[in-house]
Amino acid sequence: MFQPVDGQVSFPRLEEEVLRFWKEQGIYQQSLDRRDGAPPFVFYEGPPTANGMPHPGHCLTRAIKDVFPRYKTMRGYRCERKAGWDTHGLPVEVEVCKELGIHSKEEIEAYGVEPFIQKCQKSVWRYMQEWERLTERLGFWVNLDEAYVTYHQSYVESVWWSLKQLFDRGLLYQGHKIVWWWAQGGTALSAGEVGQGYRQVADPSVYVKFPLLDDDGNETDTSLLVWTTTPWTLPSNQFAAVHPDIEYAKVEDEGETLLLAKDLIEAIATKTKKTLKVVDTFLGAKLVGRRYKPPFNCYHARNRTHEWQVVGAKFVTTESGSGVVHQAPAFGEVDYEVLVDQRQATGQDLPLINCVGPDGKFTDEAPEFVRGRWVKDCDKDINRNLKERGLLFHQEQYLHDYPFCWRAEEDPLIQYPRESWFIRTTQFKDQMLANNEAINWLPGHIKEGRFGKFLESNVDWALSRERYWGTPLPIWQCEATGQQEAIGGYDELLAKPGVAGLDVWQAAKAADPTLPDDLCVHKPYIDAVTYDSPHKPGARMRRIPEVIDCWYDSGAMPFAQWGYRGEPLGKPDDGSTKSSPPRQGEGATRATAKSSSANPSALGGGENDAAARFASQFPADFISEALDQTRGWFYSQLAISTMLWGEAAEANTHPAGPKVPALPHPFRNCIVLGLMLGEDGQKMSKSKRNYREPREIFDKYGADALRWYLFANQPPWTSIRYSEQAIKDSIPEFLLRLWNCYSFFVIYANIDGFDPAVETGAEAGATETASNKNPPPPQGEGLGEGATRVPATDPSANPAPPGAGEATPLTAAQFAAAKSYRPVAERDELDRWILAELNRTVAAVTERMDAYDNFGACAAITEFVDGLSNWWVRRSRERFWAKEKRATEKLDAYWTLYECLIETSKLIAPFTPFLAETFWRNLASVFGARAPQSVHLCDYPHAEVDLAAAELSERMALVRLIASLGLRARNEASLKVRQPLAKVEVVLASTEHQAWLEEHRAVIEGELNVKAVEFSDEPDKYVEHEVLPNFKLLGKKLGKLMPKVKQALDQQSGAELLANLRDNGRINLSVEGQAVELLPEEVEVRIKAKPGWAAANDRGVVVVLSTELTPVLVREGLARDLVRAIQDRRKEIGCDFTDRIAIGLVTDSEILRKTVAEHGTYVANETLANEVSLEPLPGAEALAIQIGDATAQLTIRAVPISAAPIPSVKP
RNA sequence: GGGUGUAUAGCUCAGUUGGUUAGAGCGCAGCCCUGAUAAGGCUGAGGUCCCAAGUUCGAGUCUUGGUACACCCA
């Protein structure tokens, strides 16, 4: 007996039950355990930050991250899913600042770095519960308990180790970086923050004269006309840029000679109301190298020959300005590039000219009249000064977008150079490109497109951040000599001679024992640690103050998640091979709820574990994040991995360390998700309320509805607009349709007592020695290097015999033990068809999923469920209603449907894991402990290749087409389906399947409610033929003649052409005097119903109805109308499916009385009536009904079971 | 300013190596079916496949140039 199915299904409620079941039974862990020793399928979790609320976009990411690991697990792989959290970075600091009501770095320092850091550490978990709840509720199976956390000590140390590799190989260096600088707050802003603060402002736009110098350094009477919108940068001028390929002109104006881009003369002349007379034109290249006198002389010295000259630059345009651009490399990234280029070109270490301090005020190097003043306030004075000296040619207002600090709206940002640490990634450009080449990107255009282009324009990675809450850059510097070294771990630091400063941390810990030990490797504690300099006696080594870009943290996760630090790969179980002293803080109780990522219990402790786990989980087979991670996590991972283990890297790992496999690494397949937009097509935003909280979606529609919407509605990489309606729609479109099939089965199986366990002689509880360990069925593709390979065995090919004590995934082979289970070949065509469809679907789904195409897989499943629900169940209902419980056809139907549902629940398990589990738990429960307790502990269905199936599929599609056409014809002729018709005639353009169709006409007869289906032997009576060219074949053969041939075919009658084809085996045409011969395969014959018949046609099929109604047919129709009316009434009075009734029908209509007399038994059978009387039933409420043209009074009463079971008719 | 993508029915989206009747779901209108049905079937209305040029016998599909939108970078 199956658990009865509730008529009113609530998916959210069922899902909550399933969640409880998973948790209580540890199903996720079991699903891993049963793949012990199986080849790994490696998944990396891109760490989200938990200090923001999750929204539906995150559901997409997490759903995609779930479906493939689930699928691969069912396919026989072991897929560990270690969760991770990204915890460092500016957003965390900002959150804390908000909480404290402070802004600037000064204020943070005043508040105290130590308490600030402690607050950051706590703040990281602010929305943790929401994230965990979302993760769990969505059904994302991931190991949250052992999540890696980027601020944990083991993680930080692993990052340090990697940085030390880079440092020791000379790949870390210090340089300048031009940043958007908030001078008042003393900090650089990230791109995201800058983007938030753009406002339209009017700034001065000035045209300044730079007099050219002659070879002796004397001023000439010709000046460059230079344009800038930031006059305050003029004192720091270093170059003037022109485009070498643009045409420039020498113009005269009131005795002055100016140089500017030719295309801009007119615009400037109009603006200034001057007449500029062109005296010469030439390419910009001619100007390159000319020296000029800068507008201020604060740096100008005669012996400097490399500054204050014209340089060529491709970024110069003639869209605005003068075509000659002022260059102050300190205050513009592009300008800075010019300086770098000049340094390279001259081989000189040209200084960076900068007379502005980090506070945004002019320094003493600046002209006296601006010293000590905020630069933006000086624009006017500078202009006035230039004017006084006759250097200002023109001045105007310029409207443009300019960034302001998003925290202090009145503060404009300035571009400013900062000392910064860089990683020499440019040196690895080719290797990164080679690595990229080997990655399977989905969609494919990412490889050559966004990601490839990004790699090609690679610049060195600006690694350092002048902030507080981040992984400290592990570089210590000699206070005397400035010499530096990198430290690869806390223990390494502690082992340094004369180490001191540990007391700061110890004091903090003593004061607050709940402080997580992980903080000891963070600021300010780590900054306090110093040691003896090896470079100068008595000097100390002190850490440099910077922390690192948190993208480096996340990019290091392939090894840092295991705390890997290049240890040798020892024997997994031998804890004695520890080669280094135990790490500080290892094994200490963590103060946070989350344990440190170093998990001693997992593999027995010891340094080998990290190496072993890294080795077995590198590289990833699969990762996925949204498009915005291209330059984020996708790049940081690829860059770090390439630098550490790229082909040519002198990998500084231990010689006995894990061998890193060939490219690509660290990931092989990557689905790049589109961004999810809000309901209004805008970015999702809390304030706009253009989306719903995930929690509400789960409560209202359920996680499966959301998941199915995400998987089945579009390829994952298209940007999708959040649509609540579409989520809602996935319920009736898919979940409910499938649910109805399931519910149908359960209702009738319970009525008839069909129990597959009893049938196979394996009742529930017969054996209790079940173990869920199954040998894995690897297919051998995509295995990680160094993975333990196990012999390829497929459990479904070798099922354990029923009753053998081993739990078997329920498969056809197992069902075959039942006496009532007939070989598929002996069953009805309909059953063979749906099982063939099932098989075909399994093949399609596995093929698609192996290609990481969830969308295609879902399409195949949808089609199957449609066939099952709207064709198989529909056409099989009569078999379920048969009175004989053990009828062969009925048992066939049960077995067929049961098998379909069991396999479907396995098939959908990765996609809609809750629904699948609900089905499974009820359908498989009759086997008790002999079946896996969860569908997620099953192997994925395995497709059998069957050539006959394709043909059957094609034929059944034809049957469905004929039925559909018949219904269309009925509709047009206003002949409702309940009215039986004598016959339909079917005309087929191709007789290929006709014989088969004739054998299986019963399905059509049933569906169309006709007495006979005939395949017309005189098609000309009903149809006309049309002969069309096969363009694909003929296009090549005929070329330009093609349209003429089509015309010729159009003009001739189809019948003639067909006769031609029949008699000669070909069609002969004459086109433009040329003889053209068309072979049968080169034409397509289409048929169309002739007018005047109740007929419909499509795709080579015409169905013609016989519309003649005899009194016999009419009465039969009335009987069906009567049944319908009675069934409705049964429902109304609340009869159960199996309740028997008595019927009284009172009517004056002769024809209706005759109908009851003739068809009373039929009516009684259909409606489970013991009697159909023409007298009113006493005590039953009468209902007036209309049957055809007749009216009647219907009375119905439920009768007790004990009443005579044999239906009788009393006229 | 540069790069990458997207543009197909009222809405959300498919559309294979170029092949001549461009599809699905939802929504709308009508009819039908129904003791698994919150379903389903049939029909109808609804299309400048963003625009223009080109290649081709043939273009939603390929090429070029535009336009609009999104994202990334500047």
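Chain letters run A, B, ... following the sequence lines, proteins first, then strands; residues in each count from 1.
Comparing A:Trp881 and A:Leu967 along RNA chain B, the residue whose closest nucleotide (by nearest heavy atom) sits nearer the 5' end is A:Trp881. When each of A:Val9 and A:Leu1033 is assigned the nucleotide of RNA chain B bearing its nearest heavy atom, the one mapping closer to the 5' terminus is A:Leu1033.
For the P atoms, the distance linking B:G66 with B:G19 amounts to 28 Å, nearest Å. As rounded to the nearest Å, B:C11 and B:G47 have C1' atoms that lie 14 Å from one another. Rounded to the nearest Å, the gap between the C1' atom of B:C69 and that of B:G27 is 25 Å. Between B:A22 and B:G60, the two P atoms lie 10 Å apart (nearest whole Å). Look at the P atom in both B:A39 and B:A45: the space between them is 25 Å, to the nearest Å. Nucleotides B:G41 and B:U16 are separated by 25 Å at their P atoms, to the nearest Å. Look at the P atom in both B:G44 and B:G25: the space between them is 14 Å, to the nearest Å. If you take atom C1' in B:A9 and the same atom in B:G15, they sit 14 Å apart, rounded to whole Å.
Here A:Arg631 does not reach the OP1 or OP2 of B:U4: none of its side-chain N or O atoms lies under 4.0 Å away. For B:G3, neither phosphate oxygen OP1 nor OP2 lies less than 4.0 angstrom from any side-chain nitrogen or oxygen of A:Arg450. OP1 or OP2 of B:C32 has not a single side-chain nitrogen or oxygen of A:Arg978 nearer than 4.0 Å. Remark: A:Arg737 is not in phosphate contact with B:A38, judged by side-chain N or O atoms under 4.0 Å from OP1 or OP2. Contact between the side-chain N/O atoms of A:Trp180 and the OP1/OP2 oxygens of B:A74 is not found at any separation under 4.0 Å. OP1 or OP2 of B:U4 lies within a sub-4.0 Å distance of a side-chain N or O belonging to A:Lys453.
Among B:C32, B:A36, B:C42, the nucleotide with an atom closest to any side-chain atom of A:Ser964 is B:C42. The side chain of A:Leu736 has B:A38 as its nearest neighbour among B:A38, B:G40, B:A36. Side-chain proximity of A:Glu733 to the nucleotides B:A36, B:C33, B:G25 is greatest for B:G25. Here B:C13 is the nucleotide among B:C26, B:C13, B:A36 with the atom lying nearest to any side-chain atom of A:Gln714.
Here A:Glu1166 does not pair with A:Arg1120 in a salt bridge; the nearest charged N to carboxylate O distance is not below 4.0 Å.
Pair assignment for B:A38 gives none, since no Watson-Crick or G-U wobble pairing has each distance under 3.5 Å. Judged by Watson-Crick or G-U wobble contacts below 3.5 Å, the nucleotide B:A68 has B:U6 as its partner. When Watson-Crick and G-U wobble pairs are counted only if both distances are under 3.5 Å, B:U16 pairs with no nucleotide at all. With a 3.5 Å ceiling on both atom-pair distances, the Watson-Crick or G-U wobble partner of B:C28 is B:G44. Pairing for B:G54 goes to B:C62, judged as Watson-Crick or G-U wobble with the two contacts each under 3.5 Å.
Within 4.0 Å of A:Pro1029, counting heavy atoms only, lies no atom of the nucleic acid at all. Looking at heavy-atom distances under 4.0 Å, A:Thr630 makes no contact with the nucleic acid at all. Base engagement by A:Ser869 is indicated by at least one non-hydrogen atom pair under 4.0 Å involving a base atom. Heavy atoms of A:Lys1032 sit under 4.0 angstrom from at least one base atom. Residue A:Lys1131 is classed as a base contact, given a heavy-atom separation below 4.0 Å to a base. Nucleic acid contact for A:Trp739: none, since no nucleic acid atom lies under 4.0 Å from a heavy atom of the residue. Here A:Tyr748 lies in heavy-atom contact (under 4.0 Å) with sugar-phosphate atoms only. Across all strands shown, A:Asp729 has heavy atoms under 4.0 Å from sugar-phosphate atoms exclusively, and none from any base. Contact annotation for A:Val873: base contact, defined as any heavy-atom pair under 4.0 Å involving a base atom. Residue A:Arg1129 is classed as having no contact, given no heavy-atom separation below 4.0 Å to the nucleic acid. Residue contacts for A:Val746: at a heavy-atom cut-off of 4.0 Å it reaches no nucleic acid atom on any strand shown. Counting any heavy atom pair closer than 4.0 Å across all strands shown, A:Asp1136 reaches a base atom.
The distance from atom CH2 of A:Trp708 to atom C1' of B:G25 is 14 Å, rounded to the nearest whole Å. When the P atom of B:C71 is taken as reference, atom CD of A:Gln629 falls 16 Å away, rounded to whole Å. Atom-to-atom, CD of A:Glu724 to C1' of B:U12 comes out at 14 Å; the value is rounded to the nearest Å. Atom C1' of nucleotide B:C69 and atom CG of A:Leu675 are separated by 14 Å, given to the nearest angstrom. At whole-Å resolution of the value, CZ in A:Arg970 and P in B:C31 are 17 Å apart. In this structure, CD1 of A:Ile446 is placed 13 Å from P of B:C72, rounded to the nearest angstrom. In this structure, A:Trp441 places its CH2 atom 13 Å from C1' of B:U4, rounding to the nearest Å. Counting to the nearest Å, the P atom of B:A36 and the CG atom of A:Asp752 are 13 Å from each other.
Summarising the local packing, CD of A:Glu1132 is surrounded by more than 12 heavy atoms from other residues, nucleotides or ligands at distances under 6.0 Å. The number of heavy atoms from other shown groups lying within 6.0 Å of CD (A:Glu878) does not exceed 12.
For the pair A:Ser869 (side chain) and A:Val865 (backbone), a donor-acceptor distance under 3.5 Å is absent. Side-chain N or O atoms of A:Ser730 include one that pairs as donor or acceptor with a backbone N or O of A:Ala705 at under 3.5 Å.
Side-chain contact between A:Leu915 and A:Trp708: absent, with no pair of heavy atoms (C-beta onward) separated by less than 4.5 Å. For the pair A:Val1123/A:Tyr1162, a side-chain contact is recorded, criterion being any heavy-atom separation below 4.5 Å from C-beta on. The shortest side-chain heavy-atom distance between A:Thr862 and A:Asp866 does not fall under the 4.5 Å cut-off.
Scanning atom types as modelled, no donor and acceptor separated by under 3.5 angstrom connect the side chain of A:Arg874 and the base of B:C33. With hydrogens and angles left out, the side chain of A:Arg877 and the base of B:U37 share a donor-acceptor pair within 3.5 Å.
The aromatic ring centroids of A:Tyr709 and A:Tyr701 lie 6.0 Å or more from each other. Side-chain rings of A:Trp461 and A:Tyr635 approach one another, their centers coming within less than 6.0 Å.
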